[in-house]
2 protein chains.
Amino acid sequence: MSDAALWTALADPHRRAIVALLLERPRPVGEIAEACGLSQPGTSKHLKVLREAGLVRVRHDAQRRVYALDPGPIITLDAWLAPYRKLWNDSLDALGRRLDETASDPPDTPLPKD
Amino acid sequence: MSDAALWTALADPHRRAIVALLLERPRPVGEIAEACGLSQPGTSKHLKVLREAGLVRVRHDAQRRVYALDPGPIITLDAWLAPYRKLWNDSLDALGRRLDETASDPPDTPLPKD
DNA sequence: GGCATGTATTCCTTGACAGGCATATAACTG
DNA sequence: CAGTTATATGCCTGTCAAGGAATACATGCC
């Protein structure tokens, strides 16, 4: 349920952009709208979806509504991801754990296919 | 390939169910269809989306197509999530971190039991 | 009170899927 | 070869969500 709402909320690129914006700092609606190139009503609608998914929360500041990230759902996503993280750890092992970061001196590189 | 395809693919609950199934072990289409209560054509279409998002890969076994998870996109998701993970770590700190766990990732902290 | 600012909500239209069905393709069996 | 199993694809339809425009709501200021 809330899990589904979370995925649905993050499925939209504009909403991911909003979330990324709010990662830097809380912002009022107008600022988000301009930064994302969205209309004000459109921004409000996206924010509503994010709010109902629990991803953001609002602080009333006079007429302004300042939105900020709520870290809660991030934990949910992280938990969902955990089993798969284990998967790619195994996978790295199986391939010789020589991905494109930090590794630079394997004696012989067996050239994984594809 | 795109980030968007990945999120779109995971936005569907049936596809998340398929991914969860494939986490246990690779499976042929028919088995996935039955396990998820989906029709065979529907399952094939979902698998196509997952394939194009890079989340699964196919192994041809006679007439069977055995699908397996591809760990690549998981890394992408994990990278996307990383900044937010930092956010909720900060959040826990701010609260006095007397919650459950705030494990960072030294060489051996393999996610106790999720 | 009236007006300006900032945000939310409603209505409408359009486009993107998901699901069901029939059918096409591929590979094994005899 | 024909028949059978396993999967993919094409078409159709209903549903749902995103975007735009106009408007309602809320708050501060004079």
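Letters go in sequence order (proteins before strands), and every chain restarts at 1. Hydrogens, waters and symmetry mates are skipped; everything else that's a heavy atom, side chains included, is used.
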task: Return the orientation label for the W80(A) and W7(A) ring planes: parallel under 30°, perpendicular over 60°, tilted otherwise.
output: perpendicular
field: Nucleotide nearest R64(A) when distance is taken to its side chain, options dG6(C), dA8(C), dT27(D)
entry: dG6(C)
- prompt: Which nucleotide, dA8(C), dC28(C), dT27(D), lies nearest any side-chain atom of Q63(A)?
  reply: dT27(D)
field: Presence of Y67(B) side-chain N/O under 4.0 Å of dA8(D) phosphate oxygens OP1/OP2
entry: yes
Short question: side chain of [X], backbone of [Y] - any donor-acceptor pair under 3.5 Å?
X	Y	value
R16(A)	L10(A)	yes
D12(B)	R15(B)	yes
R27(B)	A68(B)	no

Atom [atom1] of [X] and atom [atom2] of [N]: how far apart are they, to the nearest Å?
X	N	atom1	atom2	answer
E31(A)	dG6(C)	CD	C1'	13 Å
R65(B)	dT5(D)	CZ	P	17 Å
W7(B)	dC17(C)	CH2	P	17 Å
L47(B)	dA8(D)	CG	P	7 Å
I32(B)	dT7(D)	CD1	P	9 Å
R59(B)	dA27(C)	CZ	P	15 Å
L10(B)	dC17(C)	CG	P	14 Å
R51(B)	dT7(D)	CZ	P	12 Å

message: Apply side chain to side chain donor-acceptor pair (under 3.5 Å) to residues R51(B) and Y67(B) and explain how you reach the verdict.
response: CA-CA 9 Å; R51(B) 215 188 316 133; Y67(B) 281 82; 3.3 Å; yes
field: T43(A) OG1 to I32(A) CD1 distance, which is reported to the nearest 0.5 Å
entry: 7.0 Å
statement: 5' to 3', nucleotides 15-25 of chain D under a 4.0 Å protein heavy-atom cut-off (B base, S sugar-phosphate only, - none) gives ---SBBBB---
- prompt: Is V66(A) reachable from L87(B) through a run of I, L, V, M, F, W or Y residues, each pair having side-chain heavy atoms under 4.5 Å apart?
  reply: no
